[in-house]
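So that the names make sense, note that chain A is the first sequence line, chain B the second, and so on, each numbered from 1.
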Amino acid sequence: MRIACFNINGIKARLGALTDWLDEAAPDVVLLQELKSVDEAVPREPFEERGYNVATHGQKGFNGVAILSKRPLEDVRHGLPGDAQDEQARWIEATVMGDRAAVRVCGLYLPNGNPAPGPKYDYKLAWMERLRVRAAEMLVNEEPVLMGGDYNVIPQDEDAARPEAWREDALALPQSRAAFRRVLNLGYTEAFRARVQGPGHYTFWDYQAGAWNRNDGIRIDHVLLSPQAADLMTGCGIDRDIRGRDKPSDHVPIWVEIDA
DNA sequence: ATGTCGTAACGTTTACGA
């Protein structure tokens with residue numbers, strides 16, 4: 001089962017680029033971030049005619065997450081628990097039955113947090129603590145769990161082409177990195193780093209200042225696997241070339257292959 | 001040129017968030 005994550009930066013603006021990629025990569029499950037659309041305005045036909053079931057958690061103008069799946073989506077939950085006042089659409093989860101195992105898949109769009117310090121950074125750190133609590137809850141069943149999406153965290157300096165440029169940024173501050181590690185330290189495996197070491201691997205290049213042409217990227221889209229899911233991983237990769245196409249998102253897809 | 005893009009709105013332009 002191939003599961004991909006893709007921050008598309010606007011479902012309406014990205015529909016053509018997204019369906020082109022779906023036709024080529026043919027993932028079984030896709031976790032989408034930044035729909036920037038309410039549920040009713042998300043086009044379903046382009047996905048359903050390609051065999052995908054669609055679950056969305058949208059919001060007007062900003063944020064918004066979705067799951068596409070060729071297998072049925074069961075027990076869909078919208079929103080990250082832990083704050084009834086939080087109206088931002090950044091979390092969706094569902095169970096997908098594989099041939100050999102059921103996988104709980106969670107799509108997330110973690111808050112950017114800039115400027116830091118400030119209320120937006122406080123919200124980011126609070127959201128990350130809620131993520132840690134939900135991540136811990138899901139380990140209790142000792143079953144495959146996958147949490148993927150735009151974490152808005154540069155885990156280490158090697159994950160940025162110019163780490164010095166991000167030193168004071170909410171994506172790289174020590175508190176952000178520590179909060180990310182607190183989730184890993186529960187027992188989750190970062191899929192990409194379990195298979196690929198070293199610098200030079202990115203999932204985001206800013207639209208500004210020729211970042212793509214200069215390969216001035218950062219690695220902020222991640223897939224975290226519970227121990228039972230990590231046992232089943234047979235591959236992980238970043239679809240880097242997508243960034244060089246017409247009308248690209250500023251992010252590219254990351255995918256994992258799970259023998260489930 | 002403080003360098004781009006997508007979305008919303010009292011829209012033909014500005015504000016916001018990234």
- Query: Side chain of A/Tyr207: nearest nucleotide among B/dT7, B/dT2, B/dC5?
  - Reply: B/dC5

- Looking at side-chain heavy atoms only, is the closest gap between A/Asn7 and A/Phe204 below 4.5 Å? no

- Taking B/dG17, B/dG6, B/dA8 as options, the one with an atom nearest any side-chain atom of A/Lys12 is B/dA8

- P atom, B/dT14 versus B/dG3: distance in rounded Å? 16 Å

- Mind checking A/Phe204 for me? I need base, sugar-phosphate or nothing, with any heavy atom below 4.0 Å counting as a touch. nothing

- Message: Under 4.0 Å between a side-chain nitrogen and a carboxylate oxygen: does that hold for A/Arg130 and A/Asp86?
- Response: yes

- Query: On a whole-Å scale, what distance lies between the P atoms belonging to B/dT7 and B/dT2?
  - Reply: 24 Å

- Could you tell me the separation between the CG atom of A/Asp221 and the CZ atom of A/Phe6, rounded to the nearest 0.5 Å? 9.5 Å

- Note on the structure: The nucleotide from B/dA8, B/dA18, B/dG6 with an atom nearest the side chain of A/Lys60 is B/dA8

- Note on the structure: Only residue of A/Met147, A/Glu74, A/Glu143, A/Arg77 satisfying side-chain contact (heavy atoms from CB on, under 4.5 Å) with A/Arg104 is A/Arg77

- Using the C1' atom in both, what is the distance from B/dA15 to B/dC10, to the nearest Å? 14 Å

- Task: Identify, between A/Gln208 and A/Ser37, the residue whose nearest nucleotide on DNA chain B lies closer to the 5' end.
- Result: A/Gln208

- Touch class at under 4.0 angstrom, heavy-atom based, for A/Ala209 against every strand present: base

- Under-4.0 Å side-chain N/O to phosphate OP1/OP2 contact, A/Lys120 with B/dG17: yes

